[in-house]
Amino acid sequence: MESAAFDVFSTGLPEGDRPMRIKMGTVVPKMGTTVHLAADQARYRRAIADALRHELGPTHQAIKTAMRWTGASERTAKYWLSGERGPSGEHLILLARHSDAVLIAILTMAGRLLDQRQRCAGCPARELVFQNLGQESKLSEGS
């Protein structure tokens, strides 16, 4: 009597008769509503970069200032100023805390400014005009 080697993975079919194994990938089918985030992300990155360059200038000192404001690395700040990447939420808040240009860019992208009457730090009244549930309200330093 002949003993055959035990093969745990054997299908019982001779090797030539076994079907070819189909490899499955990790491709997720596209379904539902298509959301075009790439255009919005590019607009966001460009707006923040423009605001930072407008306020801080194009020098290496601008990178150092953005690093100091946020605690981000030099490479990260360079990405922001070049518009290659945009700041994350925490960094964005810290930038807006220190930069009026970034704050105005954020409010403009969010559609929260009623018109171009917004003021900056150098303006006498230091007020921003907001749209609050269809009502106009002015926030100034004293509020």
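As the structure is a computational prediction, the values presented were derived from the model and not from experiment. Side chains are part of it too, since the values below use all heavy atoms of this structure and drop only hydrogens, waters and symmetry mates.
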Show me, pair by pair, the donor-acceptor contacts under 3.5 angstrom made by side chains of residues 86-98, not counting sequence neighbours?
none

Separation between CZ of Arg43 and CD1 of Ile48, rounded to the nearest 0.5 Å: 10.5 Å
Pairs involving residues 55-66, ordered by first then second residue, that meet salt bridge (charged side-chain N to carboxylate O under 4.0 Å, His left out) (sequence neighbours left out): none
Those residues that, when tested against Glu84, pass side chain to side chain contact (heavy atoms under 4.5 Å, CB included) (two or more places apart): Tyr79, Ser82
Euclidean distance, Trp80 CH2 relative to Arg85 CZ, rounded to 0.5 Å: 11.5 Å
Atom of Met109, atom of Ala47 and distance for their closest heavy-atom approach: SD-CB, 3.7 Å
With Ala51 via side chain to side chain contact (heavy atoms under 4.5 Å, CB included) - residues at least two apart: Ala101, Val102, Ala105
Under 3.5 Å donor-acceptor, Arg53 side chain and Leu81 backbone: yes
His60, NE2 atom: more than 12 neighbouring heavy atoms under 6.0 Å: yes
Derivation and outcome, side-chain contact (heavy atoms from CB on, under 4.5 Å), residues Ile106 and Tyr44: CA-CA 9 Å; Ile106 293 167; Tyr44 163 70; 5.9 Å; no
Qualifying residues under side-chain hydrogen bond (donor to acceptor under 3.5 Å, both in side chains), relative to Thr76, sequence neighbours excluded: Ser73
With sequence neighbours excluded, residues passing salt bridge (Lys or Arg N to Asp or Glu O under 4.0 Å) with Glu74: Lys78
